[in-house]
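Report on the following structure.
Everything numeric in this text was worked out from a predicted model, so none of it was measured.
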Amino acid sequence: MSTVHRAAVVLAAVSALALTACEPAEDGAASGAGTAPAASPSVSAAPATPSTPPGSSGASGEGPSGTEDRSSADHDVFPCSTYDVKFTATMAEPTTSSYLLKITNKSTKACRVLGHPVVTFGDLDGQATERGEAPGIEEALRLEPGASAYAGLMGGADDGKGKTVQFIAMTMNTESDLEQPPLKAKTPDLYVSPDTNSVTAWVNNVEDALSL
């Protein structure tokens, strides 16, 4: 065998060996790529905790819309007396000797105006006859500081039975035995009929006071 031919045989054998050695490695790589483990699922974030518990308004110690419970506050409102108010009387109708009575809360606290004013006529005996019904104590007018209430006083038409007085005196109904100084107001030539004089309950407007 010539030298050239021998060299060719050796070269062919080396190439075959090299090819055989490479094939398992490539198969292994391909197998490894096909069986790679799946990626682990990511851990979800914990839910955020709400800053305000469900159903909470965020406010405490108050009623709806942050308003104070008025019904409980009213238990501390006492009846008005002559110590709490100032008093005036203004002629409304001369024919029937009608006067508009007005009180104004001069104190720093609210009070309740109960029933009818207690009115006496000058030096005459007795007091004005109550006309109409007054609300109960729970529904009585609440008089805030500086607010006013009104009542209508009628002496009555001159029927020859009455007398004329120059002033009246008024005290408040407190449904108690509280002694209170009477408040006086001038009523020039007020004729008082023993049969037809009357006074309305306290109300919160002039029109009702003079029409009841």
Could you verify whether a donor N or O on one side chain and an acceptor N or O on the other, from Thr129 and Ser198, lie under 3.5 Å apart? no
Are side-chain heavy atoms of Leu190 and Thr164 found at a separation under 4.5 Å? no
Of all the heavy-atom pairs spanning Ala185 and Ala89, show the shortest one and how long it is. CB-CB, 3.7 Å
When you measure from the side chain of Asp84 to the backbone of Ser81, do you find a donor-acceptor pair of N or O atoms at a distance under 3.5 Å? yes
Output a table of donor-acceptor pairs, distance under 3.5 Å, between side-chain atoms of residues 119-128 and any protein atom two or more places apart or on a different chain; print 'none' if there are none.
none

Distance from Ser176 atom OG to Phe78 atom CZ, nearest 0.5 Å? 11.0 Å
Between atom CZ of Phe167 and atom NZ of Lys184, what is the distance when rounded to the nearest 0.5 Å? 4.5 Å
Do Gln180 and Thr174 pass the side chain to side chain contact (heavy atoms under 4.5 Å, CB included) test, and can you show the C-alpha distance, the side-chain angles, and the key distance before you say yes or no? CA-CA 10 Å; Gln180 43 184 323; Thr174 62; 3.6 Å; yes
If you define the side chain from C-beta out and look only at heavy atoms, does anything of Pro79 sit under 4.5 Å from Asn173? no
Does a donor on one side chain and an acceptor on the other come within less than 3.5 Å for Asp189 and Gln166? yes
When you compare the side chain of Val206 with that of Leu100, does any pair of heavy atoms fall below 4.5 Å? yes
For Pro145 versus Ser107, what's the shortest heavy-atom pair and its separation? CB-O, 3.4 Å
Determine whether Met172 and Leu114 make a side-chain contact, defined as any pair of heavy atoms from C-beta on separated by less than 4.5 Å. no
Is there a path of hydrophobic side-chain contacts, each under 4.5 Å between heavy atoms of I, L, V, M, F, W or Y residues, that connects Met170 with Tyr83? no
Linked, directly or transitively: Leu183 and Leu101 (ILVMFWY side chains, under 4.5 Å): yes
Do Met154 and Leu210 share a hydrophobic cluster, counting only Ile, Leu, Val, Met, Phe, Trp and Tyr and linking them when any side-chain heavy atoms are less than 4.5 Å apart? no
Contact summary for Ala134 and Ala201, nearest pair of heavy atoms: CB-CB, 3.7 Å
Minimum heavy-atom distance Ala157-Thr196, with the two atoms named: N-OG1, 4.2 Å
Should the pair Asp195-Lys161 be classified as a salt bridge under the 4.0 Å nitrogen-to-oxygen rule? yes
Asp208 versus Tyr150: any side-chain heavy-atom pair under 4.5 Å? no
Are Val165 and Phe87 in one and the same hydrophobic cluster, where Ile, Leu, Val, Met, Phe, Trp and Tyr link if side-chain heavy atoms are under 4.5 Å apart? yes
Using a 3.5 Å distance criterion without hydrogens, assess whether the side chain of Ser98 forms a donor-acceptor pair with backbone atoms of Ala92. no
Kindly work out whether a path of hydrophobic side-chain contacts (I/L/V/M/F/W/Y, heavy atoms less than 4.5 Å apart) joins Leu141 to Ile103. yes
Test item: Tyr191 and Asp159 side chains (from C-beta on) under 4.5 Å apart, heavy atoms: yes
Could you tell me which non-hydrogen atom of Lys106 sits nearest to which non-hydrogen atom of Lys86, and how far apart they are? CD-N, 4.3 Å
To the closest 0.5 Å, what do you measure between CG (Asn105) and CZ (Arg142)? 10.5 Å
With side chains defined as the heavy atoms from C-beta onward, is the minimum distance between Glu175 and Ile137 less than 4.5 Å? yes
Under a 3.5 Å distance rule, please check whether His116 uses its side chain to pair with a backbone N or O of Ala151 as donor and acceptor. no
Would you give the length of the straight line joining atom OG of Ser97 to atom CG of Asp158, rounded to the nearest 0.5 angstrom? 8.0 Å
Minimum-distance pair of heavy atoms, taken over all atoms of Glu93 and Thr95: OE2-OG1, 2.8 Å
Which value, rounded to the nearest 0.5 Å, describes the distance between Thr104 atom OG1 and Leu143 atom CG? 7.5 Å
